[in-house]
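In listed order, ligands and their atoms are each counted from 1.
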Amino acid sequence: MNQSDHQAALAAIVGAANVLTNAADQAAYLTDWRKHYTGRAMAIVRPGSTEEVAAVVRHCATHGIAIVPQGGNTGMAGGATPDTSGQAIVMSLTRMNRIRKLDVTDNSITVEAGCVLATIQQAAINVDRLFPLSLASEGSCTIGGNLSSNAGGTGVLRYGNTRDLCLGLEVVTANGDIIGARADGEVRGLRKDNTGYDLKDLFIGAEGTLGIITAATLKLYPAPRARVTAFAALATPRAALQLLTLAQQRCGATLTAFELISDLAISLVERHYPPHRSPFAVRHPYAVLMEISDHEDEAHATAMLEGLMEQALEDGLIDDAAIAQSLSQSDDLWQLRERVSEAQAMEGKNIKHDISVPISRIADFIETTDALIAAAWPGVCMVNFGHLGDGNLHYNVSPASGETEAAFMAKQGPVNKLVYDSVERFGGSISAEHGLGQLKREEILRYKPATEVALMRTIKAALDPQGIMNPGKVL
Ligand SMILES: Cc1cc2nc3c(=O)[nH]c(=O)nc-3n(C[C@H](O)[C@H](O)[C@H](O)COP(=O)(O)OP(=O)(O)OC[C@H]3O[C@@H](n4cnc5c(N)ncnc54)[C@H](O)[C@@H]3O)c2cc1C
């Protein structure tokens, strides 16, 4: 069979309108969000059901055709972009966007892989529940992509990563079998099920290299009665760490977000998204954005945050504080955090690191690594922000004033090595929440023990012996 025979066979499964073969139709699927990678594909295939996914996979398995699964294409590691051979298909799951079931007694929701995250959040709100996964890309990323990259976001501190929110998965394996469904066809979603290896955990975080997630049953939580946001100005990440400990002591499980943002990151948002401004009249080196989710009422939550801020001011941990008095003020404060990635992208290229270290060591990590970078490349700018409450930092390096993009990006290899070696010394991870994709596929070999990489290869070979699932990613 030649390429047009394969395209025709795929069209017979999903319908001709859902097999995109010309360059203009394909373009949006072939470049990643950060515009670091552009690939080519034999076709973009858009199945509308699990059975269609399985039939497409069976065709590809029979003919050895590589499959690159794709959701919202917002991933940060190039995981959803094909290589340049033009031999693979991109399988876009976005047509599979139904909510199959929502059960308030089970506190669970079953959704198809292409469901946009914000749609799931809204479905939960409609029945007075909370689906706590929250990312700045929630308007376009899909739950299949969230699960496949085990996305983190701003609620991890209280609710965990996407993995912790998943009760069951429906998956099409690399030979086209469908697993994860009960005898009646519904996706399993038990809170307790110790019947051997937990297969769903293999597919979560696998970045599409082991199979295709087609649906998931997810945990819901009672909706909090009030969410109150505060913004605190402080001098150092060390002070932020002390504030985190104090906030956890005083607020316990009601503390649902604790985000660190450097002043440079805030000023980028102010420049590119002018309506959003720091609430403080003077500049401070860092800010912390905090959120309390309370099951009593807003007055209770506000009083708790006010008490915390007063003590933090008395203890000298913070220099100023603002507590949002309305939803719109709260949204404004959140924009200062959520717009950082986009504002940085608008500035031009930067060298990004999505790292984690033990929470207790994050201030030491920043101080030590900032000093090493300043000594090696005087003048470059650090745009740090991230989920301090999880020990996860987006530790990004931007060009020195007047430096050309090309000259700056030439430093990428040595900058990465310096940062990742430092992460290693602090007992951390070189990919906290964005995955490996094609971006860190080589680098991970330096930092992950060889025995663990070998075990990963054994799992890959067992589940995808032909190597057709998202080749060239992760491993
Ligand atoms: C502004 C912005 C902010 C972000 N903030 C965060 C953040 O705070 N935390 C965080 O973790 N990430 C963040 N991200 C990264 C990204 O949004 C998340 O990783 C998201 O989970 C990706 O979902 P997606 O549907 O876009 O997946 P895609 O980018 O389409 O794919 C991601 C990976 O999953 C695979 N995949 C996709 N769907 C499936 C499927 N159904 N079955 C098998 N494999 C599949 C792809 O092959 C690829 O390897 C951010 C991105 C942007 C642009």
Of all the atoms in ligand 1, which lie at a distance below 4.0 Å from a heavy atom belonging to Gly145?
21 (O), 23 (O), 24 (P), 25 (O), 27 (O), 37 (C), 38 (N)

Just list the side-chain donor-acceptor pairs under 3.5 Å for residues 455-465, sequence neighbours left out, or say none.
unit_1: Thr458; atom_1: OG1; unit_2: Ala454; atom_2: O; d: 2.9
unit_1: Lys460; atom_1: NZ; unit_2: Thr209; atom_2: O; d: 2.7
unit_1: Lys460; atom_1: NZ; unit_2: Asp464; atom_2: OD2; d: 2.7
unit_1: Lys460; atom_1: NZ; unit_2: Met469; atom_2: O; d: 2.9
unit_1: Asp464; atom_1: OD1; unit_2: Gly467; atom_2: N; d: 3.2
unit_1: Asp464; atom_1: OD1; unit_2: Ile468; atom_2: N; d: 3.0
unit_1: Asp464; atom_1: OD2; unit_2: Ile468; atom_2: N; d: 3.2
unit_1: Asp464; atom_1: OD2; unit_2: Met469; atom_2: N; d: 2.9

Ala113, any N or O under 3.5 Å of ligand 1 N or O:
no

Could you say whether the N/O atoms of Pro69 and ligand 1 ever approach to under 3.5 Å?
yes

Can you confirm, on distance only, whether ligand 1 has an N/O atom lying under 3.5 Å from any N/O atom belonging to Gly75?
yes

Side-chain donor-acceptor pair under 3.5 Å between Thr217 and Thr110, yes or no?
yes

May I ask which of Asn146, Val474, Ile213 has a heavy atom nearer to atom 41 (N) of ligand 1 than the others do?
Ile213

Would you mind listing which atoms of ligand 1 come within a distance below 4.0 Å of any non-hydrogen atom of Ser149?
19 (O), 21 (O)

Is it the side chain (CB and beyond), the backbone, both or neither of Ala80 that lies under 4.0 Å from ligand 1, heavy atoms counted?
both

Taking the side chain as everything from C-beta on, heavy atoms only, tell me whether Arg34 gets closer than 4.5 Å to Met76.
yes

Quick one: list whatever passes salt bridge (charged side-chain N to carboxylate O under 4.0 Å, His left out) with Glu405, sequence neighbours left out.
none

Is ligand 1 less than 4.0 angstrom away from at least one heavy atom of Gly437?
no

Decide if the gap between the ring center of His394 and the ring center of His353 is smaller than 6.0 angstrom.
no

Are Gln70 and Ser92 linked by a side-chain donor-acceptor pair shorter than 3.5 Å?
no

Protein contact of atom 24 (P) of ligand 1 - nearest heavy atom, named by residue and atom, plus distance
Gly72 N, 3.5 Å

Only heavy atoms of His434, strictly under 4.0 Å: list the atoms of ligand 1 that pass.
10 (C), 12 (N), 13 (C)

Between ligand 1 and Lys473, can you find any atom pair, the residue atom being a heavy atom, that is separated by under 4.0 Å?
no

Would you check the N or O atoms of Ala151, main chain and side chain alike, for any that come under 3.5 Å of an N or O of ligand 1?
no

Should His387 be listed as contacting ligand 1, given a heavy-atom distance under 4.0 Å as the test?
yes

In sequence, state the C-alpha distance, the side-chain angles, and the governing distance for Asn392 and Glu433, and then conclude on side-chain contact (heavy atoms from CB on, under 4.5 Å).
CA-CA 8 Å; Asn392 173 197; Glu433 58 174 12; 3.3 Å; yes

State whether Glu347 and Arg271 are salt-bridged, where the test is any N-O pair (Lys NZ or Arg NE/NH1/NH2 against Asp/Glu carboxylate O) under 4.0 Å.
yes

Option among Asp370, Asp354, Asn384, Thr369 that satisfies the side-chain hydrogen bond (donor to acceptor under 3.5 Å, both in side chains) test with Tyr395
Asp370

Please write down residue, atom name and distance for the protein heavy atom closest to atom 7 (C) of ligand 1.
Glu433 OE2, 3.3 Å

For ligand 1, which atoms have a heavy atom of Gly208 less than 4.0 angstrom away?
43 (C), 44 (N)

Atom 50 (C) of ligand 1 sits nearest the protein heavy atom Ser137 OG, 3.6 Å

Could you tell me, atom by atom, which parts of ligand 1 come under 4.0 Å of a heavy atom of Gly144?
38 (N), 39 (C), 41 (N)

Whether the Thr229 and Glu291 side chains hold a donor-acceptor pair (N or O, under 3.5 Å, no angle test) is what I'd like checked.
yes

Judging by distance only, is a nitrogen or oxygen of Ser341 under 3.5 angstrom from one on ligand 1?
no

To the nearest 0.5 Å, atom CZ of Arg227 lies from atom OG1 of Thr254 at 12.5 Å

Strictly under 4.0 Å, does any heavy atom of Asn470 approach an atom of ligand 1?
yes

Does any N or O of ligand 1 fall below 3.5 Å from an N or O anywhere on Gly152, backbone included?
yes

In terms of side-chain geometry, is the basic nitrogen of Glu443 or Lys440 positioned less than 4.0 Å from the acidic oxygen of its partner?
no

How far is atom 48 (C) of ligand 1 from the closest protein heavy atom, and which atom is that?
Gly79 C, 3.5 Å

Would you check whether Glu207 has a nitrogen or oxygen atom less than 3.5 angstrom from a nitrogen or oxygen atom of ligand 1?
yes

State whether Arg98 and Glu112 are salt-bridged, where the test is any N-O pair (Lys NZ or Arg NE/NH1/NH2 against Asp/Glu carboxylate O) under 4.0 Å.
yes

Based purely on interatomic distance, does Arg337 place a nitrogen or oxygen under 3.5 Å from a nitrogen or oxygen of ligand 1?
no

Glu259 and His387: side chain donor to acceptor below 3.5 Å:
yes

Within less than 4.0 angstrom of ligand 1, does Gly211 place any heavy atom?
yes

What I want to know is whether Asn73 and ligand 1 share at least one N or O pair that is separated by under 3.5 angstrom.
yes

Quick one about Thr31 and Thr38 (side-chain donor to acceptor, distance below 3.5 Å, no hydrogens or angles considered), yes or no?
yes

For Ser148, the ligand 1 atoms whose distance to one of its heavy atoms is below 4.0 Å
34 (O), 35 (C), 36 (N), 39 (C), 40 (C), 42 (N), 43 (C), 44 (N), 45 (C)

Measuring to protein heavy atoms, does anything land under 4.0 Å from atom 3 (C) of ligand 1?
yes

Could you tell me whether a side-chain N or O of Arg163 sits under 3.5 Å from a main-chain N or O of Asp201, the two making a donor and an acceptor?
yes

Does ligand 1 come near enough to Thr74 that some N or O of the ligand is less than 3.5 Å from an N or O of the residue?
yes

NZ/NE/NH1/NH2 to OD/OE distance under 4.0 Å, Lys200 and Asp198:
yes

Should you measure from each heavy atom of Leu93, which atoms of ligand 1 turn up under 4.0 Å away?
41 (N)

